[in-house]
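Encoded as structure tokens, the structure appears first; notes follow it.
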Amino acid sequence: MDYLKELNTPQLQAVQHTDGPVMIIAGAGSGKTRVLTYRIAHLIYSRGIDPFNILSLTFTNKAAAEMKHRIETLVGLEARNTWMGTFHSIFAKILRVESAKLGYPSNFTIYDTDDSKSLIRTLVKEMRLDDKVYKANVVLSRISGAKNRLLGWKAYQDDPYVKADDEAAMKPRMGEIYQRYQDRLFKAGAMDFDDLLFNTNVLFRDHLDVLNKYQQRFKYVMVDEFQDTNISQYLITKKLAAVHQNICVVGDDAQSIYAFRGADIQNILNFEKDYPDLFVVKLEQNYRSTKTIVEAANSIIDKNKAQLKKVVWTSNPDGELIELIKAASDNEEGRIVANIIFEEKNNKKLNNSDFAILYRTNSQSRSMEEALRKMNLNYKIVGGLSFYQRKEIKDLMAYMRFTVNPVDEEAFKRVINYPKRGIGDTSVDKILVGAYEHDMPLWDVVQNAHSFLGGKAGSSVDNFSTMIKAFQIEVERKDAFEAASIIAKQSGLLRELYEDKTIEGLNRYENVQELLNAIKEYVDNPENEDKSLGSFLQEIALLTDNDQDKDKTDAITLMTVHASKGLEFKQVFVVGMEEDLFPSQMMMQSRDDLEEERRLFYVASTRAMEKLYLTYALSRYRFGRLLNCEPSRFLEEVNPNMIKVNKRVASKEMPGALRKEGLPGSSGFIGIKRQPESRQPIQLKIHTPTPDFKPSNTNNLKAEQLVEHPKFGFGKVQKIETEGLNKKATIQFEHFGEKTLLLSFAKLRIID
DNA sequence: TTGCAGGTCATTTTT
DNA sequence: TGACCTGCAA
């Protein structure tokens with residue numbers, strides 16, 4: 001085979017070793033996607049495997065689309081017949097076919113996070129619980145965590161450890177919420193994201209004939225980004241591959257950055273134990289970045305304890321040093337970045353699309369955007385509020401959802417009184433409670449509104465249900481586009497938006513038109529056989545990526561580090577390299593996972609092909625407050641030989657606010673502190689909190705008190721200050737020196 | 001039921 | 001800071 005000549009030895013091994021369990025450890029930039037696509041091509045060409053028997057699972061829509069595209073170029077249209085997609089989409093597809101076995105309708109709705117949270121809020125209210133204790137976010141992540149560990153509500157309630165946990169967290173009724181939540185999802189004919197995996201596990205566990213069918217079908221199973229799988233996903237994959245044993249996982253433990261979503265790095269670390277005859281290939285040569293960048297990235301990740309041994313190297317030239325840039329404020333940081341991009345574009349004849357600005361949190365994009373706009377530099381933001389998360393889009397989608405599946409409670413709540421038709425919260429509650437108490441399907445209650453509501457509200461609901469019934473007839477007769485247009489018009493939604501003449505209102509109107517366009521495209525696409533609205537809804541339920549790559553304009557890419565995985569740019573700025581921001585304070589306090597933050601930094605820096613910039617600000621507006629910042633510890637951990645401190649920072653401008661606040665470091669402190677002679681990074685002593693660390697109530701914290709901090713370790717309170725509404729504690733820590741912490745954020749354990 | 005004013009609260013990453 | 005909630009008047 002000709003195309004195999006392009007591969008190096010380990011890559012070739014990975015491609016040709018098709019049978020039996022295989023694990024490919026692929027460092028950043030080592031040609032992972034290429035190996036995967038060639039492997040599939042090889043299976044089809046050289047082994048004569050029917051594409052229909054090959055299953056490849058990816059993590060993101062983007063990765064799936066990329067792979068599909070590359071395989072089609074390599075193999076041709078035949079490749080379309082392979083099963084390829086995200087875990088969620090593939091299993092949703094299977095669940096739609098087999099839904100009856102689980103008692104679900106095949107057109108079940110998929111609830112997104114907003115729907116789930118809203119349902120939880122409703123439940124908490126119904127159970128008359130304190131919504132400050134049972135916060136939707138917290139409850140949902142608890143339930144989600146349970147599902148990812150395959151703990152159903154019954155098992156959850158019966159598990160003494162879980163129970164003890166919940167009681168310790170003062171949330172003893174969590175198990176009950178979980179039960180009700182599942183019940184309501186079921187009645188609404190809906191599954192949440194985690195259910196797609198959980199229910200697939202149930203399906204395969206309880207229906208061996210179904211399992212067997214898919215086991216026979218998928219002779220070859222491949223999993224991309226294996227480090228990001230959770231137990232639930234892993235178990236499904238393992239079951240599917242149990243007959244043929246042709247399972248190939250590709251991943252990089254150093255890029256495992258989704259633990260918050262249940263990804264378990266142990267899956268990749270322990271894979272060998274599950275398959276003793278495992279064939280392991282390591283792809284260690286990096287083709288993407290300069291030596292400087294590869295080594296700097298390695299120097300950070302080397303600090304992690306949990307990792308598979310591998311040495312990522314490159315034969316690329318050294319390239320330029322990494323630039324370390326200090327700015328006085330977040331706005332100045334933006335200006336500096338914009339200036340550099342402007343200069344580099346001119347000097348090196350680069351395009352906007354050669355640059356990426358990466359940040360830890362979406363909210364950081366603002367200062368960057370402002371600066372880029374001022375310099376007239378074209379940019380695009382990836383992620384953030386995606387198209388399908390906008391209110392107006394969700395509203396129209398909710399109408400469509402409710403028409404197709406009129407027991408969908410969350411869709412119902414969205415549309416019943418929008419646009420306003422005089423059905424207030426009380427009436428909505430009566431309907432929902434009616435359904436609940438009489439154990440009736442929501443749609444039946446809506447159709448018999450008069451038995452539950454008084455005259456006026458009752459007739460309003462009657463009008464509503466008549467309208468929905470009319471929609472249902474349209475949906476049956478017409479294609480998705482025509483039906484959706486009618487729904488948009490006759491629901492009054494389009495008129496409502498049209499009458500709003502503000503700029504945002506105009507935008508919203510255009511967004512709805514945009515959604516209708518998307519539906520039109522869907523209908524016109526000959527690949528889609530089923531043109532019904534229901535089919536369209538199923539198609540896009542799992543589509544959260546709005547990067548259709550349609551914008552051909554040349555733009556600088558702004559995105560979070562997470563969103564950058566799998567991409568590459570000539571020059572990359574990692575901005576906001578400040579302690580508590582990157583690494584993130586939240587992350588460190590909730591899970592004390594410095595290692596994952598390191599991996600995150602590794603992902604960020606290895607996106608750069610030619611040049612990497614690390615920038616930080618000494619002060620930054622966060623939560624509407626001006627905070628003083630310290631440079632990130634990662635700047636200390638990077639091999640200092642790779643870094644040059646940028647001199648361009650000398651900015652005379654000092655925002656008034658900073659001067660007033662007397663910014664520490666605004667005088668004298670240049671660059672980061674480093675021991676000059678040794679040129680060795682300073683070793684920070686990282687504190688491991690005591691195992692049962694629980695933050696204390698710090699309302700009455702006094703000076704001289706001994707405390708423990710999950711990150712800074714032990715310390716003694718120096719003084720407590722009140723500044724406006726904020727209380728600040730200055731604490732002398734054993735290893736980290738004096739720190740001033742905002743008490744509302746700091747998690748401290750008081751040692752008595 | 002609706003709309004407004006004022007208050008509170010959290011503030012990460014994504015299928 | 002801004003998203004969301006609550007309470008009150010119409």
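Proteins get letters first, then strands, A, B, ... in listed order; numbering begins at 1 in each. Every value quoted in this text rests on a predicted model; they were computed, and no experiment measured them.
In this structure, Ala563(A) and Ala457(A) both approach DNA chain B, and ranking their closest nucleotides by distance from the 5' end singles out Ala457(A). Comparing Arg421(A) and Asp194(A), the nucleotide of DNA chain B nearest to each residue sits closer to the 5' end for Arg421(A).
Nucleotides dC5(C) and dT12(B) place their C1' atoms 23 Å apart, quoted to the nearest Å. A distance of about 22 Å separates the C1' atoms of dC4(C) and dT13(B), rounded to the whole Å.
Considering only the side chain of Ser584(A), dT12(B) comes nearest among dT14(B), dT12(B), dT15(B). Among dT15(B), dT2(B), dT12(B), the nucleotide with an atom closest to any side-chain atom of His88(A) is dT15(B). Listed candidates were dT15(B), dT1(C), dA10(B). Nearest to the side chain of Arg366(A) is dT1(C). Closest to the side chain of Ser427(A), from the set dT15(B), dT1(B), dT12(B), is dT1(B). Distances were taken from every side-chain heavy atom of Lys135(A) (C-beta onward) to each of dT1(B), dT15(B), dA10(B); the shortest belongs to dA10(B).
Asp114(A) has its CG atom 14 Å from the P atom of dT14(B), to the nearest Å. Nucleotide dT15(B) holds its P atom 13 Å from the CG atom of Leu196(A), rounded to whole Å. Rounded to a whole Å, the CZ atom of Arg121(A) is 13 Å from the P atom of dA10(B). Distance Leu600(A) CG to dT13(B) P: 11 Å, rounded to the nearest Å. If you take CD of Glu595(A) and P of dT13(B), they are 22 Å apart, rounded to a whole angstrom. Note: CD (Glu596(A)) to C1' (dT14(B)) measures 12 Å, nearest angstrom. Spacing between atom CZ of Phe601(A) and atom P of dT12(B) amounts to 22 Å, rounded to whole angstrom units. Put simply, CG on Asp130(A) is 11 Å from P on dT6(C), counting in whole angstrom units.
Annotation: cation-pi geometry not satisfied between Lys413(A) and Tyr418(A) (NZ/CZ under 6.0 angstrom from ring centroid, within 45° of ring axis). Remark: Arg421(A) fails to qualify as a cation-pi partner of Phe464(A) under the 6.0 Å distance and 45° angle criteria applied to the six-membered ring.
Thr560(A) has a side-chain polar atom (N or O) that falls below the 4.0 Å cut-off from OP1 or OP2 of dT14(B). Proximity of Asn362(A) to the phosphate of dT13(B): a side-chain N or O atom is located under 4.0 Å from OP1 or OP2. For dT1(B), the OP1/OP2 oxygens have a side-chain nitrogen or oxygen of Thr426(A) closer than 4.0 Å. At the phosphate of dT2(B), OP1 or OP2 sits under 4.0 Å from a side-chain N or O atom of Asn417(A). Applying the 4.0 Å criterion to OP1 and OP2 of dG3(B), one finds that Lys420(A) has a side-chain N or O inside that range.
Looking at Asp224(A) and Lys32(A), a side-chain N of the basic residue comes within less than 4.0 Å of a carboxylate O on the acidic one, giving a salt bridge. Arg620(A) has a carboxylate O that lies under 4.0 Å from a charged side-chain N of Glu578(A), or vice versa, which qualifies the two as a salt bridge.
Contact annotation: the side chain of Asp192(A) approaches that of Lys147(A) to within less than 4.5 Å [non-hydrogen atoms, C-beta and beyond].
Note on Phe87(A): nothing from the nucleic acid sits closer than 4.0 angstrom, heavy atoms only.
For Tyr234(A) and Phe226(A), the ring centers are positioned less than 6.0 Å apart.
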